[in-house]
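Chain letters run A, B, ... following the sequence lines, proteins first, then strands; residues in each count from 1.
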Amino acid sequence: MDIMVEGNSVSVPDGSSFADALKAGLSGKRFKAAVAARLGDGLFDLSSAIPGNSGGASADILAVTLDTPEGLEILRHSTAHVMAAAVQNLFPDAKVTIGPAIENGFYYDFDVKKPFSVDDFEAIEAEMSRIAKLALPYTRRVLSRDEAVKVFAVKGETYKVELIEDLDAADVSLYQIGDFEDLCRGPHLPNTGFVRAFKLLSVAGAYWRGSEKNKMLSRIYGTVFAEEADLKKYLNRLEEARKRDHRKLGRELELFDFHEDVAPGMVFWHPKGMLVRTIIEDFLRKEHLKRGYELVQGPQLLRRELWEKSGHYANYRENMYFTEIEGDVYGVKPMNCLAHMLVYGSKLRSYRELPVRFAELGVVHRHEMSGALHGLLRVRQFTQDDAHIICRPDQLEDEIIGVITLVRDLFTLFDFSYKIAVSTRPEKCIGTDEDWERATGALIKALDKVGIQYTINEGDGAFYGPKIDVKVTDSLEREWQCSTIQCDFTLPERFELVYVGADGDRHRPVMVHRAILGSLERFIGILVEHCAGAFPAWLAPVQARLLTVTEAHDEFAQKAKDALLRAGIRIEADLRNEKLGYKVRQAQMEKIPYILVIGDKELEAGGVNVRLRNGDTVGLKTLDEVKDIILADCEQPFKNGGMNYRFS
RNA sequence: GCCCACGUAGCUCAGUAGGUAGAGCGCGUCCUUGGUAAGGACGAGGUCAGCAGUUCAAUUCUGCUCGUGGGCUCCA
């Protein structure tokens, strides 16, 4: 009995396959809905839908529908095959390499004489559609390695031969659609007919196997979804992300810019951006002092000998700037820890003094590869909200708790979601077993005590100690590492840091490097995208602007401005000889939270008419009321800005 | 660094099949005193990223340099 679709009613008999559903004209979503009641949670056995597959334990068992994460991955991987088939039909010389599903789509790398360009997309997409409409089955066969090598060698697919030769397995699986056969673990869709809502997005160069020693291949990125509507939604989200690009908003809102010709990768902060930055900096300083940190500051330049002692000269020189004068070579600091250690070591310290917490908004320079630079998100000169905690081993856990609490509080304040990972001992490392156990244990216990979820990256720690990394997610769904909390066994050793214990002997302290926002530049870049440039009132460089209807209202506007300035509100008056609509438009495009209009009515009432940047009107208010409204708003960091902001 | 694309007015972009360039916004001056997203007129602004080469002639073609954008991790 076949699947029957009549209007909204669907009957799905036992043993129906995904292919049957397609034949009956069911979409992924409707099919899922139809089977959910029968098999629970949308799971469905597709094994019988795969031609040449007899089912059973050794076969591909697909228990998915297309719009689940598992289903999308299969759809995307299968679409990559369709694209490769299309490319080989159109460009017979193209050699195929690899083509996996990725987070929001798929890619395939080709070796071609002339790299692909977006101009090729139309033809490739048309050929893909043609292949998809044929609903060609994906057929699977298993060959021994030697047989498989022969198959690809005959076709001249040298990359595939290399891949197979590097494999450990005795047998490998191949999947074929039409004439196109690819080395592939699978699983795949029953047939190419499912590939409908797809789009090619971009071309890029990519090294064979990711190594810059290898040949540069031509990569095509694309995406595919179960439904046309899902694809549209995704493309709209990309468009929204482009509107929020911090580089665009940075210029439009006069926050910052770059002068690439004279200082690539280094920021010029304009008054409004500098104000935002200063507000954050002031807040950070206060918050650190509250939590028992002390502020210090070291020099930008330190003699080469010191970098040799720390190991940076041997390991990090490529990324450092150097300058020479009168025969002395100085390194521009790429991190702040050395100066902090010198401050610590300037006198003999008792165990009673510990922990010592030195904080610095430290300006560092790192020579990143030119191709890696990206607006505020990857720069060569940046400011870390850095601190070094030097403590006794028995204090480590409490100190980590303090740092994690700060991480939690700050990201909550800024309305960010974040992910935490603990990286443990790598194979190549220094320090004793005891050191590693205690430090790693302290990190994990601290996270548990604060009650924050985390994942563990086995063996991903630095050679000098375990660490906690925190990543926040931006509006493009990109993850950016912000916080890092690193235990360090090596620098206290190299710099012979000591404290005098209760026993009168000298002991070696532990050092924790930590930054919370990471780099202020990067953080502000992420923040601008996060809130689409509509800063919450407490951060907005201009919190309110007074607009006059005619010059008859200028005098009162001036008085109102002075009164609100004295109340601590960042306010401007727009007294220009322009129409009200013009001034409103401009203030709103600048995303100023409060627009205060003064005309005859307001003059008579002795107040202002309040309008919000989302277009809502609050109405006539006295100056005292306006003051209270704005100051109260500042107490609720993200109520009127943040992700709630919408472009008009 | 490497691959591809790109670099024209402050911004967003058009244009020149080789004969030194335009629009809109912004900016300036003047007119307009106007009630919640653009009132009008006139005007100023460009060594067409930089350096070389080909040519009678280069912003346009070629090469190099600088810079920008998308990528270069996610195992067939």
Side-chain angles (χ1 to χ4, degrees), chain A residues 73 77 80-81 84 96-104 106-109 112 114-120 145 148 152 157 159-169 172-175 181-186 201-221 242 245 247-248 251-252 254 257-265 318 367-375 547-554 576-590 595-602 609-618 648:
Chain A
E73 191 183 334
H77 189 181
H81 278 237
V96 291
T97 65
I98 60 168
I102 53 175
E103 193 170 344
N104 287 309
F106 60 89
Y107 68 80
Y108 210 112
D109 287 346
V112 280
K114 181 180 172 297
F116 294 114
S117 85
V118 290
D119 299 336
D120 298 317
R145 276 178 43 177
F152 288 105
E157 296 289 5
Y159 293 92
K160 292 291 174 189
V161 170
E162 184 182 330
L163 285 172
I164 297 167
E165 282 172 345
D166 283 356
L167 283 175
D168 265 344
V172 298
S173 58
L174 281 69
Y175 278 81
E181 189 170 42
D182 199 356
L183 170 71
C184 187
R185 178 168 28 190
L201 296 174
S202 60
V203 290
Y207 298 106
W208 168 235
R209 295 188 148 180
S211 166
E212 62 187 7
K213 290 183 186 122
N214 291 337
K215 182 158 184 185
M216 180 68 72
L217 305 171
S218 181
R219 172 175 298 182
I220 300 178
Y221 282 97
R242 263 191 286 278
D245 191 310
R247 294 165 298 187
K248 180 169 149 36
R251 192 177 49 246
E252 288 172 0
E254 297 187 50
D257 74 350
F258 289 88
H259 294 243
E260 290 89 0
D261 48 341
V262 295
E318 298 295 303
H367 189 84
E368 303 293 345
M369 289 194 293
S370 62
L373 302 178
H374 181 91
L547 311 184
T548 50
V549 178
T550 75
E551 63 187 16
H553 315 111
D554 287 3
R576 288 177 304 169
N577 176 14
E578 297 287 353
K579 289 199 172 171
L580 183 59
Y582 181 88
K583 297 184 188 182
V584 167
R585 177 170 190 268
Q586 194 154 338
Q588 205 148 320
M589 288 199 306
E590 289 176 42
I595 298 169
L596 312 176
V597 175
I598 300 179
D600 287 342
K601 272 180 282 178
E602 291 76 21
N609 204 300
V610 181
R611 179 188 164 113
L612 305 178
R613 62 185 157 195
N614 65 6
D616 290 351
T617 306
V618 175
S648 53

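Heavy atoms of A/Asp600 sit under 4.0 angstrom from at least one base atom. Residue A/Gly581 is classed as a sugar-phosphate contact, given heavy-atom separations below 4.0 Å to backbone atoms only. Within the nucleic acid shown, A/Lys583 has no heavy atom closer than 4.0 Å to any nucleic acid atom.
Residue A/Glu602 places a side-chain atom within donor-acceptor reach of the base of B/G35, judged by atom type and a 3.5 Å distance cut-off alone. Between the side chain of A/Tyr207 and the base of B/G71, no donor-acceptor pair under 3.5 Å is found.
Residues meeting the ring pair (Phe, Tyr, Trp, His ring centres under 6.0 Å) test with A/Tyr221, sequence neighbours left out: A/Tyr107. Applying the side chain to side chain donor-acceptor pair (under 3.5 Å) rule to A/Asp109 yields the partners A/Arg219; only residues at least two apart in sequence or on another chain are considered. Under the side chain to side chain contact (heavy atoms under 4.5 Å, CB included) criterion, A/Val618 pairs with A/Val610, A/Leu612, A/Lys621, sequence neighbours left out. Under the side chain to side chain contact (heavy atoms under 4.5 Å, CB included) criterion, A/Glu602 pairs with A/Ile598, A/Asn609, A/Leu620, not counting sequence neighbours. Not counting sequence neighbours, the partners of A/Arg247 by the side chain to side chain contact (heavy atoms under 4.5 Å, CB included) test are A/Asp245, A/His374.
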* Structure fact -> Applying the Watson-Crick and G-U criteria (both distances under 3.5 angstrom) with [ ] for crossing and | for other-strand pairs, one obtains for RNA chain B (((((((..((((.....[..)))).(((((.......))))).....(((((..]....))))))))))))....

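What separates NZ of A/Lys215 from P of B/C4 is a distance of 12 Å, to the nearest Å.
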